[in-house]
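Structure record follows, encoded as structure tokens.
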Amino acid sequence: MTGRLWRIRPRLPRTGTETTAALVALVFLAFIVRRTASIVAESGPGVWLLLLCGVGCCGLAVAVRRSRRRATDRERAGRLGRLRLPLAVIDALTPTEFELAVRDLMTRDGISARHVGRQGDQAADVIGSDSAGRVIVAQCKHTTRGGRVGSHVLYEVKGTAAPVHGADVAVVVTNGGLTRDAREWGDRHGVHWIDRDRLRAWAEHGSSLQEVLGAAHPF
């Protein structure tokens, strides 16, 4: 997925069979509506009162659920707004937990982010959209402290970020390091990178992703 919202749009019938099916459905719906109205009219005001009460209860239930959801979202946003992750904690994470941590850090920074990492993810573990509408794709590489990410990872990200995921910004995030060739290749070809030092500033010290990346390559 690319982070864009897809909407279902109705279309007109294209064949005779579809037209016939649509007409039958409309006739049946009209019959149901008329029959229901007739039953309600014959039953007197008591039924109307029951219907109104039912509609009111349904509306109240929907309002309560929405209120609870908003409260939960505000609570989560508040927690993420204070999120700090020491490198010692990050080092102890599993690769999937590291991807989720990157998602939460992006959310903390005002980026609408979701976790998409899985087998066949085509070099995207987290996809987000910032307030300017730019799509940010992050490839996460959890490794040992002395581990280094090679150039081939940046090649893969460059090859899929924009064509496959519609990315405006591509970034490789690791709790280890990158080889010199990988850093230089990323700088030349517009693939951002966050190594251990930059991750410390982002996750542990609370600098925003925009600040961490913008220090070297504004986006």
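Just so it is clear, the values below take in all heavy atoms, side chains as well, and ignore hydrogens, waters and symmetry mates. Remember, it's a predicted structure, so these values are computed and weren't measured experimentally.
A salt bridge is defined here as a Lys NZ or Arg NE, NH1 or NH2 lying under 4.0 Å from an Asp or Glu carboxylate O, and Arg148 with Asp181 fails to meet this definition.
Taking the side chain as every heavy atom from C-beta outward, Leu178 and Leu154 approach each other to under 4.5 Å. Considering only heavy atoms from C-beta on, Val149 stays 4.5 Å or farther from Trp193 through its side chain. Considering only heavy atoms from C-beta on, Thr174 stays 4.5 Å or farther from Phe98 through its side chain. Contact check for Arg196 versus Asp91: side-chain heavy atoms found under the 4.5 Å cut-off. Side-chain contact between Met106 and Val102: present, with at least one pair of heavy atoms (C-beta onward) separated by less than 4.5 Å.
Summarising the geometry, atom CG belonging to Asp109 is positioned 9.0 Å from atom OG belonging to Ser207; distances are rounded to the nearest 0.5 Å. Going from atom CZ of Arg114 over to atom CG of Asp125 covers 12.5 Å, rounded to the nearest 0.5 Å. Summarising the geometry, atom CZ belonging to Arg183 is positioned 10.0 Å from atom OG belonging to Ser151; distances are rounded to the nearest 0.5 Å. Summarising the geometry, atom CD belonging to Glu99 is positioned 3.5 Å from atom NE2 belonging to His115; distances are rounded to the nearest 0.5 Å. Atom CD1 of Ile111 is separated from atom CZ of Arg103 by 13.5 Å, given to the nearest 0.5 angstrom. Here the straight-line distance linking atom OG1 of Thr179 with atom NE2 of His152 works out to 9.5 Å at 0.5 Å rounding.
When every heavy atom of Ala101 is checked against every heavy atom of Leu85, the shortest pair comes out as CB-CD1, 3.8 Å. Residue Ala161 comes nearest to Ala170 through the heavy atom pair CB-CB, 3.7 Å, listed as atom of the first residue, atom of the second, then distance. Looking at every heavy atom in both residues, Val126 comes nearest to Ala113 through CG1-CB, 4.0 Å. Taking both residues in full, the closest heavy atoms of Gly177 and Asp195 are given as CA-CB, 4.3 Å, listed atom of the first, atom of the second, then distance. Here the shortest heavy-atom pairing between Val116 and Ala124 reads CG2-O, 3.5 Å.
With Thr160 contributing its side chain and Gln122 its backbone, the two residues share a donor-acceptor pair below 3.5 Å. Proximity of a side-chain donor or acceptor of Arg134 to a complementary backbone N or O of Val169 within less than 3.5 Å is not detected. Side-chain atoms of His189 do not come within 3.5 Å of backbone N or O of Lys158 as any donor-acceptor pair. A distance-only check finds no donor-acceptor pair linking the side chain of Asn175 to the backbone of Ile90 [under 3.5 Å]. Between the side chain of His165 and the backbone N or O of Val135 there is no donor-acceptor pair closer than 3.5 Å. Between the side chain of Asp130 and the backbone N or O of Gly110 there is no donor-acceptor pair closer than 3.5 Å. A donor-acceptor pair is defined here as one N or O able to donate and one able to accept, closer than 3.5 Å; no such pair exists between the side chain of Ser112 and the backbone of Ser129.
Cluster annotation: Ile194 is connected to Leu87 through the hydrophobic network of ILVMFWY side chains, with a link wherever side-chain heavy atoms come within less than 4.5 Å.
In this structure Leu23 satisfies the side-chain contact (heavy atoms from CB on, under 4.5 Å) test together with Thr19, sequence neighbours excluded.
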